[in-house]
Structures are given as structure tokens and as C-alpha cells.
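Here is the structure we will look at.
Side chains are part of it too, since the values below use all heavy atoms of this structure and drop only hydrogens, waters and symmetry mates.
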Amino acid sequence: MPVTRKPLEIPPEIARQFAADMRAYHAERDGNLRDRIAVGTRHMLLEHMPTGTKLRLNEVKELFERMR
């Protein structure tokens, strides 16, 4: 039996902040500052995901790279 999941509904202001963070991430050359941006984005996204959801820092960075 396939697992079905309810689609995530992220508020528009959070999606805009994600896009702004992604632009800032790609504009930043300092690796530590890039990590700080990704960590903040991770925390922001986790607030709008179901309880118990795991989101790793490298997954946020991969999202940023794939959406470039």
C-alpha cells in the first residue's frame, strides 16, 4: 500500500523569505555565513512542517542548489 502524504502548505511570506534567503546564500562567499543562512532557513521551514519532520542542513543546502 503506497504512503500518501498531505501536501505542505507554506504561507506566502515564508516562501518569499525562503527565496530571499536563497538569493543571500548564493551571493555570500564566506562558507560560515552561508551555513548561518541555511541554518536560519532550516529553522524557519521546520516551524511550518509536521511535528517530527527531519530536515538536515545539507538538505536545505541541496534545495538552494537545485532551485538556483
| Residues which pass salt bridge (charged side-chain N to carboxylate O under 4.0 Å, His left out) with R66, listed by chain and number, not counting sequence neighbours | E62

| note | side chain to side chain donor-acceptor pair (under 3.5 Å) filter on E59, not counting sequence neighbours, yields none

| remark: Across all chains, not counting sequence neighbours, the side-chain contact (heavy atoms from CB on, under 4.5 Å) partners of R23 are A19, A20

| Test side-chain contact (heavy atoms from CB on, under 4.5 Å) applied to P50 - qualifying residues, sequence neighbours left out | L8, T53

| message | I'd like to check the side-chain contact (heavy atoms from CB on, under 4.5 Å) partners of E9; sequence neighbours left out, ordered by chain and number. | response | none

| task | Identify the two heavy atoms, one from A38 and one from L57, that lie closest to each other, and give their separation to 0.1 Å. | result | CB-CD1, 3.4 Å

| task | Considering non-hydrogen atoms only, spot the tightest contact between D30 and N32 and give its length. | result | OD1-N, 2.7 Å

| request: For E28, enumerate each residue passing the side chain to side chain donor-acceptor pair (under 3.5 Å) test, keeping only those at least two apart in sequence or located in another chain. | output: none

| Partners passing salt bridge (charged side-chain N to carboxylate O under 4.0 Å, His left out) against R34 (at least two apart in sequence or in another chain) | E65

May I have the list of side-chain donor-acceptor pairs in residues 40-49 shorter than 3.5 Å, sequence neighbours left out?
| residue | atom | partner | partner atom | Å |
| --- | --- | --- | --- | --- |
| T41 | OG1 | D21 | OD2 | 2.8 |
| T41 | OG1 | I37 | O | 2.9 |
| R42 | NE | L55 | O | 2.4 |
| R42 | NH2 | L55 | O | 3.3 |

| field | Any residue meeting ring pair (Phe, Tyr, Trp, His ring centres under 6.0 Å) with F64, in chain and number order, not counting sequence neighbours | value | F18, Y25

| field | Validation row: M22, L63 side chains within 4.5 angstrom (heavy atoms) | value | no

